[in-house]
Amino acid sequence: MLQQKELFLPILRDGKYGFINKNRDIVIKPKFKYVSDRFKDGYCVVTYIKKIRKSVKWIFGYIDKSGYTQIFLHLDSASEFNNGLARIKIDGKYGYIDKSLDIVINPIFENASSFRDELAGVRINKKWGFIDRSGNIAIKPNYTYVNLFSEERSLIEIKNKYGYITKNGEFAIPPKYDVGTDFSQGLAAVRINDKWGYVDKNGNTVIDFMFDRAKPFCEGLAAISINGKWGYIDKTGYIVIDTIFDYACDFKEGLARFNIGSNSLTRGISNPKGGMWGFLNPFGRIQIIPIFDAISDFEDGYAQVIQGNNSNYIDKQGKLFLEFRN
């Protein structure tokens, strides 16, 4: 009986979001304007639009797997949980709530990131630093920009140049790059003079600067772009999947999203507009034909796909596996 009521995944129907259970029945009828992709730490973010007199306001809240929804009328925004804490915004300032949905770090920051590896980036007096889970300053705000920590390194910006710091706030790699990515599998993609290459955690060049764009390594491969087309390299820099795609994403659970037909003017954004999405396997063969307007990475064996104003889920053979009986 519990399984019949417990929420499992969000769905999109006619432009509104609801939830299904593990039996694939609709438990919460579609009524939300937006929900986060998956449950994190037992919660999804939910939003809807409320008309107040002549104005329109976005309303934010959280829903748990039992379907209990707590709405916070005073929130300017709400984010997914990470490391047991979720970022919220009140009156233009950022703070954090815990899994009891109580404020545990007061909203005093100009901007803030989610937590990862027990630290979160925050902006104070127009500079970024890091706090710990108690809200104490762990790394002083000395930077124009910071990324979350990944493999004991955080990408930071000072005077329009990017480098990497350790959790002690010391430079692992001084700021000398035009831009960079997080470290993943021991390497980070960095750009100098409009070309991307890869460096190790000490800043040594491992793969030469020869790519127009580059992404972090995932599952042994990294997506790179040459002359507007995307393919994949291995950790030696050898192109193992030819650059024939209009856009390509990281490998997750053995498959990677790719796009065919997107507008070249939109390919600089994280999800290009237009075109159709499908999945590749690590050998460069198309596993799932590109027929979807939008797709998510695979997680726990399935991926969300969107066509028009409706969503569904597919398995790794591309089979649509939700058949609604409600």
Side-chain angles (χ1 to χ4, degrees), residues 37 150 177-200 205-299 301-308 311-321:
D37 290 339
S150 178
Y177 306 112
D178 297 330
V179 72
T181 69
D182 288 340
F183 270 90
S184 178
Q185 298 190 312
L187 298 177
V190 292
R191 191 184 77 193
I192 295 178
N193 296 328
D194 293 327
K195 290 295 180 182
W196 289 79
Y198 290 82
V199 297
D200 64 19
T205 300
V206 176
I207 300 174
D208 287 336
F209 294 81
M210 64 182 81
F211 309 111
D212 298 330
R213 292 183 64 198
K215 294 189 174 189
F217 275 90
C218 291
E219 300 182 5
L221 299 176
I224 53 86
S225 175
I226 299 173
N227 296 327
K229 293 293 184 179
W230 286 82
Y232 292 84
I233 59 171
D234 63 18
K235 294 183 77 172
T236 69
Y238 180 74
I239 295 176
V240 295
I241 299 176
D242 289 339
T243 52
I244 61 174
F245 307 103
D246 289 324
Y247 197 76
C249 300
D250 301 336
F251 274 89
K252 299 291 176 65
E253 296 190 2
L255 295 175
R257 294 181 288 143
F258 74 94
N259 183 288
I260 294 293
S262 63
N263 188 318
S264 62
L265 296 177
T266 74
R267 291 177 198 160
I269 63 177
S270 58
N271 281 307
K273 296 179 180 179
M276 304 303 288
W277 290 89
F279 284 93
L280 291 173
N281 67 24
F283 303 102
R285 292 191 285 271
I286 294 176
Q287 180 82 8
I288 297 171
I289 296 171
I291 59 173
F292 302 106
D293 295 334
I295 53 179
S296 72
D297 291 326
F298 272 91
E299 185 177 340
Y302 44 85
Q304 187 179 47
V305 297
I306 294 177
Q307 292 176 297
S311 73
N312 206 321
Y313 291 84
I314 58 172
D315 62 20
K316 291 186 178 180
Q317 282 66 51
K319 182 181 178 182
L320 296 168
F321 68 95

Starting at [atom1] of [X], measure out to [atom2] of [Y] and round the result to the nearest 0.5 Å.
X	Y	atom1	atom2	answer
Y232	F217	OH	CZ	12.0 Å
M210	Y198	CE	OH	10.5 Å
D250	R257	CG	CZ	8.0 Å
F251	N281	CZ	CG	7.0 Å
D194	I192	CG	CD1	11.0 Å
K195	D212	NZ	CG	4.0 Å

Nearest heavy-atom pair of [X] and [Y]: which atoms, and what distance?
X	Y	value
M276	I291	CE-O, 2.8 Å
Y177	V199	OH-CG1, 3.6 Å
G318	I314	O-CG2, 3.8 Å
S296	A303	O-CB, 3.4 Å
K316	Q287	O-NE2, 3.1 Å
L221	V240	CD2-CG2, 3.5 Å

**Message:** Quick one, L255 with L280, criterion side-chain contact (heavy atoms from CB on, under 4.5 Å). Give me CA distance, side-chain angles, the key distance, then yes/no.
**Reply:** CA-CA 5 Å; L255 295 175; L280 291 173; over 6 Å; no
**Message:** The test is side-chain contact (heavy atoms from CB on, under 4.5 Å); show your working for N193 and F209 and say whether it passes.
**Reply:** CA-CA 9 Å; N193 296 328; F209 294 81; over 6 Å; no
Within-4.5 Å side-chain heavy-atom neighbours: [X] and [Y]:
X	Y	answer
W277	V305	no
V190	T181	no
P216	Q185	no
R213	Y247	yes
W196	I207	no
I226	I239	yes
F245	N259	no
F292	Q307	yes

Would the number of heavy atoms belonging to other residues, nucleotides or ligands and lying under 6.0 Å from [atom1] of [X] be above 12?
X	atom1	value
D315	CG	yes
I289	CD1	no
D208	CG	no

**Item:** Flag for T236-D234: side-chain donor and acceptor within less than 3.5 Å
**Value:** yes
Do side-chain atoms of [X] reach the backbone of [Y] as a donor and acceptor pair under 3.5 angstrom?
X	Y	value
K215	A248	yes
Q304	S311	no
S150	F183	yes
D242	G231	no

**Request:** Kindly indicate, with the supporting measurements, whether the criterion side-chain contact (heavy atoms from CB on, under 4.5 Å) is fulfilled by F258 and I241.
**Result:** CA-CA 12 Å; F258 74 94; I241 299 176; over 6 Å; no
